[in-house]
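Residues take their numbers from the sequence shown, with the count starting at 1. Whatever order the structure lists ligands and atoms in, that order sets their numbers, starting from 1.
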Amino acid sequence: MINQLHHFIGGERVAGTSGNFGDVTNPATGEVERQVPLASADEVRQAIQIAAKAQPAWAAVTPQNRARVMFKFKALIEEHMTELAELASREHGKTLSDAVGSVTRGLEVVEFACGIAQMLKGEYSENVGTGVDSYATRAPLGVVAGITPFNFPAMVPMWMFPMAIACGNAFILKPSEKVPSCALRLAELLEEAGAHPGVLNVVNGDKVAVGTLLTDPSVQAISFVGSTPIAEYVYQTGTAHGKRVQALGGAKNHMIIMPDADMDLATDALMGAAYGSAGERCMAVSVAVTVGDKVADALVERLKPRVESLKIGPYNDPDADMGPLINTAHRDKVKGYIDSGVEEGAELVVDGRGFSLQGYENGAFIGGSIFDRVTPDMKIYQEEIFGPVLSIVRAESYEDALGLVNDHEYGNGTAIFTRDGDAARDFTTRTKIGMVGVNVPIPVPVAYHSFGGWKRSLFGDHHMHGPEGVRFYTKLKTVTERWPSGIRQGAEFVMPVLK
Ligand code: NAD
């Protein structure tokens, strides 16, 4: 019998009542293992009301005590690491070791949130006028919501809710309906750690749930991570309804390889960054820009045998470098991109389309592919493929390579591989990208910095977690106070100037 999942609202598992369900498949076998309830607008509204009721008491808990809940939550995540990683892998398909890495990156945000008391301290100025003092505090917003993608079932939700909740907000999480289990388990663990019931609610659903969160007046802010068209819709709809919105979208991350680069380092970096997690990462490198033909030839020579011998298997194969894609529909979409690259004249050096794994014929597996001589007018260059397909673009000069990076519509991540400090410095200064690596292929900022792209990879003004997370989930209040012993200025009809 197929396991039926639930929502987690007001501190309890709640059965879905809409009558609508989504299938949750194991990408390696194609089998439906669970069904997830898809909430109606009414169910979402009920969850929002429960969160709104819980929020004031949670905001009144001292920051230090909210931090203590985060400390316990951290310990519980560590204790349940394998279970969480397995829930993520089984529904997403990524290898278990990769999932452990991503849960750990989420855990680091919880560790950062443990320092919330320090971050909410605010600013104080004594004697802004004679006998007058002023201080600024950061107050929580109220009820905030997060909508997350399929590719990081634990990490992306943890970019959001630990910061929001540590700041004193109540949170509604709408995880991807393709990978709901990890979020549900995290919510149970946070409650076990001491968060009040109703402070973190997981409402499963699809666009009906998202539409309700974007328009309900009780929701003050929306954090979104997913594809660019939906990110743009979420930003426009959420802001039109008066909400603060940060909406992170898709990517096409370029890695520039300069003639003086350490080619072994660059090749290793590309293998992990292009094919890890089967390319289903918003920080995956999908374009290698070589400066000069010699670099391109050397790179192809090194990459080809390694991509041909990638070990591909189900999530629990400890030898696998990568697993399947999320489902066969996405696998067919990725194959379609490879077809289009061939049609448009790119040179297919390694073709992953024919790959199949014995015993897993219904799984969403695909082999790694490399295209050489890709040009900017091609669809495989312009669009996000979100699969294990690397495009090599041959640039004649560093300036041409930089131009490619800067002209692309996406601006999530980029990297340069070089031994030349001047080139690296010029690149970090002039590139129009949110996250930049120097000899680091996936420059995902650590939890105490903030994550976010530029251009059509992010709509809104705030990046996620780190100091930006605190700014996003709080609003500033500035108090100016005078006590009767201070000087009295009498009635003033001109703009007051403190003396
Ligand atoms: P998606 O946009 O299809 O879905 C994301 C969320 O939006 C899900 O919760 C989904 O239920 C919801 N959604 C989907 N269609 C909707 C609609 N029409 N109306 C309202 N809500 C809708 O993204 P995905 O396929 O789950 O994830 C992959 C995408 O996410 C890729 O483009 C990837 O680059 C991006 N991503 C970006 C980052 C980043 O930090 N920039 C991180 C991870 C993933």
Next item on the list: Mind running side chain to side chain donor-acceptor pair (under 3.5 Å) on E43 and T17 for me, showing each step along the way?
Entry: CA-CA 8 Å; E43 287 173 287; T17 55; 3.0 Å; yes
Item checked: Contact (N/O only, under 3.5 Å) between I230 and ligand 1 -> no
Checklist line | Protein heavy-atom partner closest to atom 35 (C) of ligand 1 - residue, atom, separation in Å | finding: G226 O, 3.1 Å
Item checked: Sub-4.0 Å heavy-atom approach of W159 to ligand 1 -> yes
Checklist line | atom 2 (O) of ligand 1 touched by protein (heavy atom, under 4.0 Å) | finding: yes
Next item on the list: Please check if any side-chain donor atom of Q35 sits under 3.5 Å from a side-chain acceptor atom of D23, or the reverse.
Entry: yes
Margin query: Using a plain distance cutoff, I'd like to know if D206 has any nitrogen or oxygen under 3.5 Å from a nitrogen or oxygen of ligand 1.
Written below: no
Item checked: Test of proximity, E177 against ligand 1: N or O pairs below 3.5 Å -> yes
Next item on the list: Could you tell me how the ring of F451 sits relative to the ring of H465: parallel (under 30°), tilted (30 to 60°) or perpendicular (over 60°)?
Entry: tilted
Note to self: Counting only heavy atoms, tell me which of Y410, Y233, F386 gets closest to atom 28 (C) of ligand 1.
What the structure shows: F386
Next item on the list: Provide the number and element of each atom of ligand 1 under 4.0 Å from a heavy atom of I147.
Entry: 6 (C), 7 (O), 9 (O)
Next item on the list: Take every heavy atom of S176, measure it against each atom of ligand 1, and state whether any distance is under 4.0 Å.
Entry: yes
Checklist line | Residue and atom name of the nearest protein heavy atom (relative to atom 26 (O) of ligand 1), distance in Å to one decimal | finding: F150 N, 3.0 Å
Next item on the list: Give the atoms of ligand 1, by number and element, whose distance to some non-hydrogen atom of G250 is under 4.0 Å.
Entry: 32 (O), 34 (O)
Next item on the list: Please determine if K252 and E409 form a salt bridge, counting it only when a charged side-chain N lies under 4.0 Å from a carboxylate O.
Entry: no
Check: Do you see a donor-acceptor pair shorter than 3.5 Å between the side chains of S181 and E91?
Finding: yes
Check: Where is the nearest protein heavy atom to atom 27 (O) of ligand 1: which residue, which atom, and how far?
Finding: P149 CB, 3.2 Å
Check: Can you tell me which residue and heavy atom of the protein come closest to atom 42 (C) of ligand 1, and the distance to 0.1 Å?
Finding: C282 SG, 2.9 Å
Next item on the list: For atom 21 (N) of ligand 1, grab the closest protein heavy atom and report residue, atom and distance to one decimal in Å.
Entry: V210 CG2, 3.4 Å
Next item on the list: Before accepting this row, confirm whether a basic side-chain N of the pair R306/D268 lies closer than 4.0 Å to the acidic partner's carboxylate O.
Entry: yes
Notebook entry, point to check: Under 3.5 Å, is there a donor-acceptor pair linking the side chains of S89 and E86?
Noted result: no
Check: In terms of residue, atom name and distance, what is the protein heavy atom nearest to atom 23 (O) of ligand 1?
Finding: S227 N, 3.5 Å
Check: Of all the non-hydrogen atoms in the protein, which one sits nearest to atom 37 (C) of ligand 1, and at what distance?
Finding: G249 O, 3.1 Å
Next item on the list: Taking only heavy atoms of N151 into account, list the atoms of ligand 1 that are under 4.0 Å away from them.
Entry: 43 (C), 44 (C)
Margin query: Can you tell me if Y448 has over 12 outside heavy atoms packed within less than 6.0 Å of its OH?
Written below: no
Next item on the list: Determine, considering heavy atoms only, which of K178, E384, K207 sits nearest to atom 34 (O) of ligand 1.
Entry: E384
Margin query: What I'd like to find out is whether the side chain of V144 reaches to under 4.5 Å of the side chain of V219, using heavy atoms alone.
Written below: no
Notebook entry, point to check: Going by distance alone, is a donor N or O of one side chain under 3.5 Å from an acceptor N or O of the other, for N26 and E33?
Noted result: yes
Next item on the list: Just let me know how R281 lines up against ligand 1, side chain, backbone, both or neither, with a heavy-atom cut-off below 4.0 Å.
Entry: neither
Checklist line | Ligand-residue contact atoms, ligand 1 with N412, heavy atoms, under 4.0 Å | finding: 41 (N)
Checklist line | Polar contact flag, side-chain donor to acceptor under 3.5 angstrom, S218-Q49 | finding: no
Next item on the list: Verify whether one side chain among E383 and Y337 offers a donor that lies under 3.5 Å from an acceptor in the other.
Entry: yes
Next item on the list: Provide, to 0.1 Å, the distance between atom 40 (O) of ligand 1 and the closest protein heavy atom, together with that atom's residue and name.
Entry: F451 CE2, 3.0 Å
Check: Numbering the atoms of ligand 1 from 1, which are under 4.0 Å from a heavy atom of V225?
Finding: 5 (C), 36 (N), 37 (C), 38 (C), 39 (C), 40 (O), 42 (C), 43 (C), 44 (C)
Next item on the list: Go through the steps to decide whether Y381 and H254 satisfy the test ring pair (Phe, Tyr, Trp, His ring centres under 6.0 Å), and finish with yes or no.
Entry: CA-CA 10 Å; Y381 177 78; H254 294 48; 5.3 Å; yes
